[in-house]
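Below is one structure; the comments refer to it alone.
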Amino acid sequence: VQLQASGGGLVQAGGSLRLACAASGRTLSGSTVAWFRQAPGKEREFVASTKYSGGGTFYADSVKGRFTISRDNAENTVYLQMNSLKPEDTAVYYCAASTGRVINTAQHMARMYHYWGQGTLVTVSS
């Protein structure tokens, strides 16, 4: 499966952006999908995840209450709505998908995901 991330850009603190991750090549049904991010000089970190065919959503503590992960089954696309953005949210955001379902306690682990998008840059100015 190929993943194409889009929607990044420059926004002021307090603003919003919606990232999209469009999948092609196969359906995301049965997969777990996630967003990770990597800020300059830092390691890649988990942001949010969901089981594409239904199930709970999970968020990093740093984005809980501000970010929402969702999916459009008809479009084979996963979204990340980001509100109340902060300068510390500045990073390259990556979408990722597994080949099958990932158990809840492992969804934050990058190694559980087999397919990765190319990343989209989000810059939040203060």
Side-chain angles (χ1 to χ4, degrees):
V1 61
Q2 291 78 44
L3 302 177
Q4 180 72 38
S6 62
L10 174 64
V11 64
Q12 288 189 330
S16 298
L17 281 174
R18 189 177 78 155
L19 306 183
C21 178
S24 60
R26 58 162 280 210
T27 177
L28 289 176
S29 177
S31 300
T32 297
V33 293
W35 288 93
F36 288 78
R37 67 185 181 186
Q38 188 166 18
K42 295 188 177 181
E43 294 186 352
R44 189 172 298 190
E45 64 174 1
F46 170 79
V47 176
S49 64
T50 185
K51 292 175 181 174
Y52 195 78
S53 300
T57 55
F58 298 92
Y59 298 93
D61 288 343
S62 59
V63 307
K64 203 170 292 183
R66 299 187 298 121
F67 291 11
T68 302
I69 188 171
S70 63
R71 60 193 184 273
D72 184 328
N73 292 357
E75 296 294 328
N76 213 28
T77 299
V78 177
Y79 299 97
L80 185 69
Q81 177 68 43
M82 306 186 296
N83 299 328
S84 302
L85 283 161
K86 304 175 181 180
E88 51 263 45
D89 294 319
T90 294
V92 177
Y93 284 72
Y94 299 90
C95 59
S98 64
T99 55
R101 289 199 173 196
V102 178
I103 61 174
N104 295 350
T105 53
Q107 289 188 22
H108 65 287
M109 300 178 181
R111 66 177 186 270
M112 303 306 295
Y113 300 91
H114 308 88
Y115 306 104
W116 291 82
Q118 84 288 2
T120 185
L121 176 62
V122 172
T123 303
V124 184
S125 63
S126 58

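Annotation: side chain of T50 is in contact with side chain of R71 (closest heavy-atom distance under 4.5 Å). Inter-residue side-chain proximity for S62 and E88 is flagged as unmet; no heavy-atom pair is nearer than 4.5 Å. Counting heavy atoms from C-beta on, the side chains of T32 and Q107 come closer than 4.5 Å.
Legend: residues meeting side-chain contact (heavy atoms from CB on, under 4.5 Å) with A91, ordered by chain and number and at least two apart, are R37, A39, Y93. Listed by chain and residue number, V63, S84, K86, D89 satisfy the side-chain contact (heavy atoms from CB on, under 4.5 Å) test with R66 (two or more places apart in sequence, or in another chain). With sequence neighbours left out, the side chain to side chain donor-acceptor pair (under 3.5 Å) criterion links Q81 to N83. Residues passing the salt bridge (charged side-chain N to carboxylate O under 4.0 Å, His left out) test with K42: none are found, sequence neighbours excluded. In this structure S6 satisfies the side-chain contact (heavy atoms from CB on, under 4.5 Å) test together with A20, sequence neighbours excluded. For Q118, the side-chain contact (heavy atoms from CB on, under 4.5 Å) test picks out Q4, A5, with sequence neighbours left out. Residues that satisfy the side chain to side chain donor-acceptor pair (under 3.5 Å) test with N73, not counting sequence neighbours, are absent from this structure.
Of all the heavy atoms in A23 and V1, the pair that sits closest is CB-CG2, 3.9 Å. Of all heavy-atom pairs spanning M82 and V122, the tightest one is CE-CG2, 3.8 Å. Nearest approach of L10 to S125, heavy atoms of both residues: CD1-CB, 4.4 Å. Listed here is the closest heavy atom pair of L28 and V78: CD1-CG2, 3.9 Å. Considering every non-hydrogen atom in both A48 and Y59, the closest pair reads CB-CD2, 3.5 Å. When all heavy atoms of A97 and V33 are compared, the pair lying nearest together is CB-CG1, 3.9 Å.
Grouping Ile, Leu, Val, Met, Phe, Trp and Tyr by side-chain contacts under 4.5 Å, direct or through others, puts Y94 with F36, F46, F58, V92, V102, M109, M112, Y113, W116, L121.
Within the structure, no pair that satisfies the salt bridge (charged side-chain N to carboxylate O under 4.0 Å, His left out) test touches residues 5-18, not counting sequence neighbours. Among pairs with a residue in residues 82-126, those fulfilling disulfide (SG to SG under 2.5 Å) read C21-C95, at least two apart in sequence or across chains. Among pairs with a residue in residues 106-121, none fulfils salt bridge (charged side-chain N to carboxylate O under 4.0 Å, His left out), at least two apart in sequence or across chains. Annotation: disulfide (SG to SG under 2.5 Å) contacts involving residues 22-57, sequence neighbours excluded, are absent.
Checked by atom type and distance alone, the side chain of T77 pairs as donor or acceptor with a backbone atom of E75 at under 3.5 Å. At distances below 3.5 Å, not a single donor-acceptor pair connects side-chain atoms of S98 with backbone N or O atoms of S31.
Remark: of the listed residues L19, T68, D72, D72 is the sole one forming a side-chain contact (heavy atoms from CB on, under 4.5 Å) with Y79.
The distance from the CG atom of N76 to the OG atom of S24 is 8.5 Å, given to the nearest 0.5 Å.
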